Every structure is written in structure tokens, then in C-alpha cells.
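Take a look at the structure below.
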Amino acid sequence: MGRKFVVGGNWKMNGDKNQINEIVNNLKKGPLDPNVEVVIGVPAIYLAYVKSIVPDTIGVAAQNCWKVPKGAFTGEISPAMIKDVGADWVILGHSERRTIFGEKDDLVAEKVAHALESGLKVIACIGETLEEREAGKTEEVVFRQTKALVPAIGSNWDKVVLAYEPVWAIGTGKTATPQQAQDVHASLRNWLSTNVSPEVAANVRIQYGGSVTGATAKELAARPDIDGFLVGGASLKPEFVDIVNATQ
Ligand SMILES: O=C[C@H](O)COP(=O)(O)O
């Protein structure tokens with residue numbers, strides 16, 4: 001059984017109810033490849049609303065969460081709350097959480113562990129900066145970030161999707177070439193085979209994220225170790241349907 005292609009649409013801090021209605025209507029119109037898993041990452045304030053209007057065939061994800069069920073953590077949301085409004089995914093460790101909000105590997109791992117034990121599925125993000133890539137540290141960085149997640153994930157790899165998002169390609173229009181992305185995905189899968197298990201390596205889905213568009217998706221999707229995408233800007237546009245259908 002192959003790995004089911006999975007495409008995430010991370011809306012980030014964008015949208016209002018009118019735009020959300022347009023995006024969801026576009027998704028309803030599709031047509032979306034039924035063999036592709038689609039998950040949309042929604043601003044927390046709109047999770048319940050989106051869940052009330054989106055077809056059940058489309059997963060709904062929070063874009064972040066805290067690492068305990070409840071308490072004095074002003075402004076945060078918990079996995080329990082995410083589930084309470086019917087969402088069943090959460091995106092964690094996004095590079096914007098890491099670079100803007102200072103989230104380190106250990107905090108990301110604590111969040112992943114609690115999200116999984118709370119019954120959420122997780123899109124866990126990793127990726128190097130341009131400085132790290134230019135210093136030849138891409139593998140060192142993504143292996144370090146992934147290693148931090150291994151104890152947090154435990155035996156729950158079937159509930160995790162990894163998203164390799166080179167920071168230098170996010171929001172820049174500089175998509176990684178298909179070969180650049182494939183090389184890191186293959187290297188990561190090999191690392192997983194050695195450091196977790198061959199079965200996990202074979203089955204875990206690794207998304208590519210970083211300026212994916214309708215024009216670049218097909219060539220990326222054709223690479224053997226690219227199992228989907230985590231899409232930012234283009235997920236707000238009608239071309240997101242073309243990205244979902246990139247394997248057709
Ligand atoms: O989560 C999505 C990634 O940050 C990619 O964003 P982007 O497609 O706007 O480059």
C-alpha cells in the first residue's frame with residue numbers, strides 16, 4: 001500500500017468570513033482528487049466556523065497549540081479545545097513559530113507529544129534557513145529537528161505527517177527545485193529508516209512546503225519521496241485545487 005498523497009493548506013493569519021466562504025466554496029466546487037487527503041490550517045478564531053461549513057472529506061487543522069489541556073496560559077489554545085470544535089489536526093513547529101515566536105525543538109516536541117496523546121493528528125514542520133543551507137548544514141538541521149520529535153511521537157507515527165519547509169523558500173517565491181526537495185526528503189527518509197525503523201520510514205508521509213504553486217506542483221509531486229505539500233499563499237487562491245490534483 002503506497003503513501004496517500006496529502007496536501008495541507010496553511011492559511012496562516014489570513015482571511016475573514018467572506019474570504020473563508022470563497023475559499024471553502026472553491027474547495028467544494030473542486031473537483032478534488034478523491035485519492036488525495038486535504039487538510040486546511042485555519043486561524044484558531046475561525047476553526048469552529050470553518051468546521052461548520054467545510055465538507056467532512058476535508059480535514060481541519062489548528063496552526064498551533066499549547067502543551068497542556070488547560071490552565072493559566074493567556075491567549076493559548078489546547079488540543080482539547082481543538083477537538084472540542086471538531087478539528088482533528090494541528091500544525092506544529094512551523095518555521096514562523098520557530099523564528100518569530102522563538103519556539104525551540106524541545107518545546108515543539110512537548111507540543112507534539114501532548115497533541116498526539118490528546119488524539120490529534122499532527123503536521124510537524126522542519127526546515128533549514130538559507131544561512132544553514134549555504135553553510136552545508138541542511139541535513140544536520142533537519143535531522144536534529146526530527147530527532148527531537150522521535151520520543152514525542154513514540155508509536156504514533158501513523159498520526160504524523162512531516163513537512164519539510166526550507167525557510168528560504170517560504171513566502172519568497174523561491175520554490176526549491178524538485179531535485180533539491182527530493183534530495184532532502186530521501187535523506188530524511190533514510191535517516192528515519194536508520195534511527196526509527198524501516199517501516200516508519202516507508203510509511204510516513206513527507207510534505208514539501210515553500211512557495212508551492214499550481215505551476216510548480218506537478219513536477220514536485222512526481223518525485224518519489226515527496227508525498228504532498230504544505231501550501232501557504234497559494235492555499236488562499238483557486239489554484240490550490242490544481243495543487244491538490246498535482247498527481248493526476
Ligand atoms: O505552511 C506553509 C509554508 O510556510 C509555505 O508557505 P508559502 O507557500 O506561502 O511559501
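Because only heavy atoms are used, hydrogens play no part in the values below, and waters and symmetry mates are left out as well, while side chains stay in. Owing to the predicted nature of the structure, the values given are computational and were not obtained by experimental measurement. In each ligand, atom 1 is the first atom listed, and ligand 1 is the first ligand listed. Position 1 is the first residue of the sequence; numbering continues from there.
Looking at atom 8 (O) of ligand 1, its nearest protein heavy atom turns out to be Gly232 N, 2.9 Å. When only non-hydrogen protein atoms are considered, atom 3 (C) of ligand 1 lies nearest to Glu165 OE2, 2.8 Å.
Considering both main-chain and side-chain atoms, Lys12 comes within under 3.5 Å of ligand 1 through a nitrogen or oxygen pair. Here's the thing with Gly171: one of its N/O atoms is less than 3.5 angstrom from an N/O atom of ligand 1.
Below 4.0 Å from some heavy atom of Ile170 lie the following atoms of ligand 1, by number and element: 4 (O), 6 (O), 10 (O). Of all atoms in ligand 1, listed by their number and element, those nearer than 4.0 Å to a heavy atom of Ser211 are 7 (P), 8 (O), 10 (O). Here is the list of ligand 1 atoms found below 4.0 Å of a heavy atom in Ala169: 10 (O). Applying the 4.0 Å criterion to heavy atoms of Gly210 picks out, from ligand 1, the atoms 5 (C), 10 (O). The atoms of ligand 1 that sit less than 4.0 Å from any heavy atom of Gly233 are 7 (P), 8 (O), 9 (O).
Between His185 and Tyr208, the ring planes lie tilted relative to each other; the angle falls in the 30° to 60° range.
No donor-acceptor distance shorter than 3.5 angstrom exists from the side chain of Gln63 to the backbone of Val90, with no hydrogens or angles considered.
Cation-pi geometry between Lys17 and Tyr49 is met: under 6.0 angstrom from the ring centre, within 45 degrees of the axis.
The closest approach between a heavy atom of Ala234 and any atom of ligand 1 is not below 4.0 Å.
The pair Glu37-Lys4 fails the salt-bridge criterion, with no side-chain N (NZ, NE, NH1 or NH2) lying under 4.0 Å from an Asp/Glu carboxylate O.
Counting only N and O atoms by type, the side chains of Glu165 and Ser95 include no donor and acceptor under 3.5 Å apart.
The local environment of NZ in Lys137 is sparse, with at most 12 non-hydrogen atoms from other residues, nucleotides or ligands closer than 6.0 Å.
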*Give the C-alpha distance, both sets of side-chain angles, the deciding distance and a yes or no for side chain to side chain contact (heavy atoms under 4.5 Å, CB included) between Val204 and Asp227.*
CA-CA 9 Å; Val204 70; Asp227 307 314; over 6 Å; no
